[in-house]
Chemist: 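Below you will find the structure I want to go over with you.
Per chain, numbering begins at 1; letters A, B, ... match sequence-line order.
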2 protein chains.
Amino acid sequence: MDNQKIPKPTIKRLAVYYRCLENILFSGKASVSSKEIADELGIKASQVRKDLSYFGEFGRRGVGYSTQQLLESVSDILGMRKIWNVCIVGMGNLGMALAVYPGLSKSGFFIKALFDNNPNKIGIPIPNDLSIEPISILKSVVKERAINMGVITVPAEAAQETADALVDAGVQGIVNFAPVRLNLPDSVKVEEIDISVSFRSLAFSISLHSGRRRE
Amino acid sequence: MDNQKIPKPTIKRLAVYYRCLENILFSGKASVSSKEIADELGIKASQVRKDLSYFGEFGRRGVGYSTQQLLESVSDILGMRKIWNVCIVGMGNLGMALAVYPGLSKSGFFIKALFDNNPNKIGIPIPNDLSIEPISILKSVVKERAINMGVITVPAEAAQETADALVDAGVQGIVNFAPVRLNLPDSVKVEEIDISVSFRSLAFSISLHSGRRRE
DNA sequence: AAGTGTGAAGTCTTTCACAGCT
DNA sequence: AGCTGTGAAAGACTTCACACTT
């Protein structure tokens, strides 16, 4: 039950279980069953159990899981004990929104630097006593502040060079909001978030189920 | 090749093909092969062909696809001929960023209204000659401006009631940025974007490949 | 020669179903 | 009686491989 390959969908769901367990813990429930988690998320209980089983045995048969302990185990699995220091490159509206998004620091992702190339933006103050710095000093800042994750919110044209700069500076992972596929070494992990793609998939689902032929 | 079930991953990829074809067309290439699209996206050519085959035959054997025509066909499949009028509920930083995000209008999603409950925000002007209106008038505004898609950028606690209001007003789909699963009638489609979940999955991938046991 | 369209094979993921613990 | 953990079955998705067209 150890040395197996973890399905990618399992990873995404674990990140969702974390959120769900936080809520359950907050609501005061000390123990929880796979069925309760599953119902909350609209999936099957066996799915929850199978996902967890890739990493160990966390529950007690006949009883369920300790909410607290399971949350800790999931934190561990997700690598959330580690300190994640994050920088954001590209301080347009989206970059700015992320810089002050409370959900990130609440989840243990600390924004340590903001970069932009526009000279007018350099130095303008941001709510969290951060300031915007020029991309030219990215490498030294990343090293100095032990930044291990980068966020790309620059325009599509600049995304690859930004990614190259982040890799060169030594980040281990990149969250990419720019609508292009990045070319990266295997050692650097990437997570893509393309907002327009989500809108288009939604448009498709609506069209399929209300216009067009029978599914 | 018609009445089949379309795999969900196919839908997401079609939305990406669209983006890719726009670039190829812009670069001046009048025709394109499945391999070229696939290489651009880091997938297999047979995947591209199979995805398209669910909807018809768009290419010419031995030749490839007309970039222009394929882009049009994909637009059609994705329901992008339809006019999508969008409202955003919750004008925090993220809502604000989306309100002025050029990627949406470029893809045919027109922001027609912005709502918030904070009285201090009502009326403040936004770059695109829009203004923020109170949620109390959501239903009438949605009907009046033929809004058919809603975006939820309110805090998690308020997300379900916002969704209920949007459904009651008659939208056909919702893009939900709040970190909760919404309960919706089957007739209303939803697309979830949970930014923290993406960060956590990234943290997992990094931890798996650099710390921990062999994959 | 080059490239599509597609059944069939292969792989990955989910769900079932039940042994085993409390 | 209730709920976990997990092999095995079912189902979903991807890739192969090749007939077919230009």
Side-chain angles (χ1 to χ4, degrees), chain A residues 1-17 21 24 29-71 73-74 77 201 204-205 208 215, chain B residues 1-17 21 24 29-71 73-74 77 201 204-205 208 215:
Chain A
M1 134 258 102
D2 212 37
N3 255 24
Q4 291 184 253
K5 215 188 124 292
I6 316 297
K8 236 171 295 165
T10 291
I11 304 173
K12 270 264 144 57
R13 280 191 301 269
L14 281 166
V16 177
Y17 299 161
L21 287 165
I24 290 169
K29 280 184 60 63
S31 100
V32 66
S33 71
S34 57
K35 178 146 198 325
E36 288 171 303
I37 298 172
D39 287 351
E40 183 67 31
L41 267 39
I43 61 178
K44 289 259 154 53
S46 54
Q47 178 78 82
V48 174
R49 296 200 300 278
K50 178 63 91 180
D51 284 340
L52 294 171
S53 78
Y54 290 112
F55 301 95
E57 307 192 3
F58 304 104
R60 287 207 303 153
R61 298 183 182 209
V63 178
Y65 305 87
S66 148
T67 313
Q68 172 80 59
Q69 273 173 32
L70 186 56
L71 184 57
S73 303
V74 172
I77 295 168
S201 322
F204 174 88
S205 307
L208 192 68
E215 161 199 30
Chain B
M1 131 258 104
D2 211 33
N3 254 26
Q4 290 185 253
K5 213 185 126 294
I6 315 297
K8 236 170 296 164
T10 291
I11 303 173
K12 271 264 146 58
R13 281 191 301 268
L14 280 167
V16 178
Y17 298 161
L21 287 166
I24 291 169
K29 280 185 57 66
S31 100
V32 66
S33 72
S34 58
K35 178 141 197 327
E36 288 170 305
I37 298 174
D39 287 351
E40 183 68 32
L41 267 39
I43 61 179
K44 289 258 155 53
S46 54
Q47 180 77 84
V48 174
R49 295 201 301 277
K50 178 63 94 179
D51 284 340
L52 293 171
S53 78
Y54 290 113
F55 301 95
E57 308 192 2
F58 304 104
R60 287 206 303 153
R61 299 183 182 208
V63 177
Y65 305 87
S66 148
T67 313
Q68 172 80 59
Q69 272 174 32
L70 187 56
L71 183 58
S73 303
V74 172
I77 294 168
S201 321
F204 173 89
S205 307
L208 192 69
E215 161 202 27

Chemist: So, is A/Y65 near the phosphate of D/dG5, with a side-chain N or O under 4.0 Å from OP1 or OP2?
Modeler: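 It does, given that an N or O in the side chain of A/Y65 lies less than 4.0 Å from OP1 or OP2 of D/dG5.
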
Chemist: For the side chain of A/R49, counting heavy atoms from C-beta on, which of C/dT13, D/dA17, D/dT4 is nearest?
Modeler: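 Nearest to the side-chain atoms of A/R49, counting from C-beta on, is D/dT4.
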
Chemist: In whole angstrom, what separates B/F58's CZ from D/dT22's P?
Modeler: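 So the two atoms are 17 Å apart, to the nearest Å.
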
Chemist: Whole angstroms only, please: what is the CG-P distance between A/D51 and D/dT4?
Modeler: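 That distance rounds to 14 Å.
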
Chemist: Within a strict 4.5 Å, meaning less than it, do heavy atoms of the A/Y65 and A/L52 side chains meet?
Modeler: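 A/Y65 reaches A/L52 side chain to side chain.
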
Chemist: Checking contacts here: which listed nucleotide (D/dT22, D/dG5, C/dG5) is nearest the side-chain heavy atoms of B/E57?
Modeler: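 Looking only at heavy atoms from C-beta outward on B/E57, the closest nucleotide is C/dG5.
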
Chemist: What do the steps show when you test B/K35 against B/K44 for side chain to side chain contact (heavy atoms under 4.5 Å, CB included), and what is the final call?
Modeler: CA-CA 7 Å; B/K35 178 141 197 327; B/K44 289 258 155 53; over 6 Å; no

Chemist: Is any side-chain N or O of A/S33 closer than 4.0 Å to OP1 or OP2 of D/dC3?
Modeler: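 It does not, given that no N or O in the side chain of A/S33 lies less than 4.0 Å from OP1 or OP2 of D/dC3.
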
Chemist: So what does B/K8 touch, heavy atoms closer than 4.0 Å: a base, only the sugar-phosphate, or nothing?
Modeler: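 The answer is sugar-phosphate, as B/K8 gets under 4.0 Å only of primed atoms, P, OP1 or OP2.
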
Chemist: Can you check the B/L70 CG to C/dT4 C1' distance for me, whole Å?
Modeler: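 Roughly 12 Å, once rounded to whole Å.
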
Chemist: Specify the separation, in whole Å, of atom CG of A/L52 and atom P of C/dT15.
Modeler: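 Checked: the CG to P distance equals 15 Å.
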
Chemist: Measure the distance from CD on A/Q47 to P on D/dA12 and round it to the nearest whole Å.
Modeler: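 Distance, rounded to whole Å: 13 Å.
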
Chemist: Measure from the side chain of A/K50, starting at C-beta and using heavy atoms only, and say which of C/dG5, D/dG7, D/dC13 lies closest.
Modeler: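 Comparing C/dG5, D/dG7, D/dC13 against the side chain of A/K50, the answer is D/dG7.
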
Chemist: Distance check needed: C/dT6 P versus B/I6 CD1, whole Å only.
Modeler: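 Nearest whole value for this atom pair: 13 Å.
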
Chemist: Nearest whole Å is fine: how far is D/dT14 P from B/I43 CD1?
Modeler: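 Interatomic distance, CD1 of B/I43 to P of D/dT14: 9 Å.
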
Chemist: It should be established whether A/R60 places a side-chain nitrogen or oxygen under 4.0 Å from OP1 or OP2 of nucleotide D/dG2.
Modeler: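 For A/R60, the contact criterion (side-chain N or O under 4.0 Å from OP1 or OP2 of D/dG2) is not met.
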
Chemist: Reading DNA chain C from 5' onward, which residue's closest nucleotide shows up sooner: A/K44 or A/V63?
Modeler: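 Its nearest nucleotide being more 5', the pick is A/K44.
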
Chemist: So for atom CD, which belongs to B/Q47, do other residues, nucleotides or ligands contribute more than 12 heavy atoms lying within a distance under 6.0 Å?
Modeler: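 Above 12, so yes.
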
Chemist: Do B/R61 side-chain and C/dG3 base share a donor-acceptor contact under 3.5 Å?
Modeler: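 Between C/dG3 and B/R61, which were checked side chain against base, a qualifying N/O pair under 3.5 Å is absent.
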
Chemist: Could you tell me whether the side chain of A/P7 reaches within less than 4.5 Å of the side chain of A/Y54, counting heavy atoms only?
Modeler: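 Contact flag for A/Y54/A/P7 side chains = yes.
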
Chemist: Can you tell me if the side-chain N/O atoms of A/Y54 get under 4.0 Å from OP1 or OP2 in C/dT13?
Modeler: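 For C/dT13, neither OP1 nor OP2 has a side-chain N or O of A/Y54 closer than 4.0 Å.
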
Chemist: Should B/K35 be listed as having a side-chain N or O under 4.0 Å from OP1 or OP2 of C/dA2?
Modeler: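 No, outside the criterion.
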
Chemist: Taking only the side-chain nitrogens and oxygens of B/S46, find out if one of them lies under 4.0 Å from OP1 or OP2 of D/dC16.
Modeler: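 No, because none of the side-chain N or O atoms of B/S46 sits under 4.0 Å from OP1 or OP2 of D/dC16.
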
Chemist: Counting side-chain heavy atoms from C-beta on, which of C/dT4, D/dT6, C/dT22 comes nearest to A/S53?
Modeler: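 My answer, after comparing the listed nucleotides, is D/dT6.
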
Chemist: Do the non-hydrogen side-chain atoms of A/L70 and A/Y17 ever get within less than 4.5 Å of each other?
Modeler: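 SC-SC contact between A/L70 and A/Y17 ruled out.
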
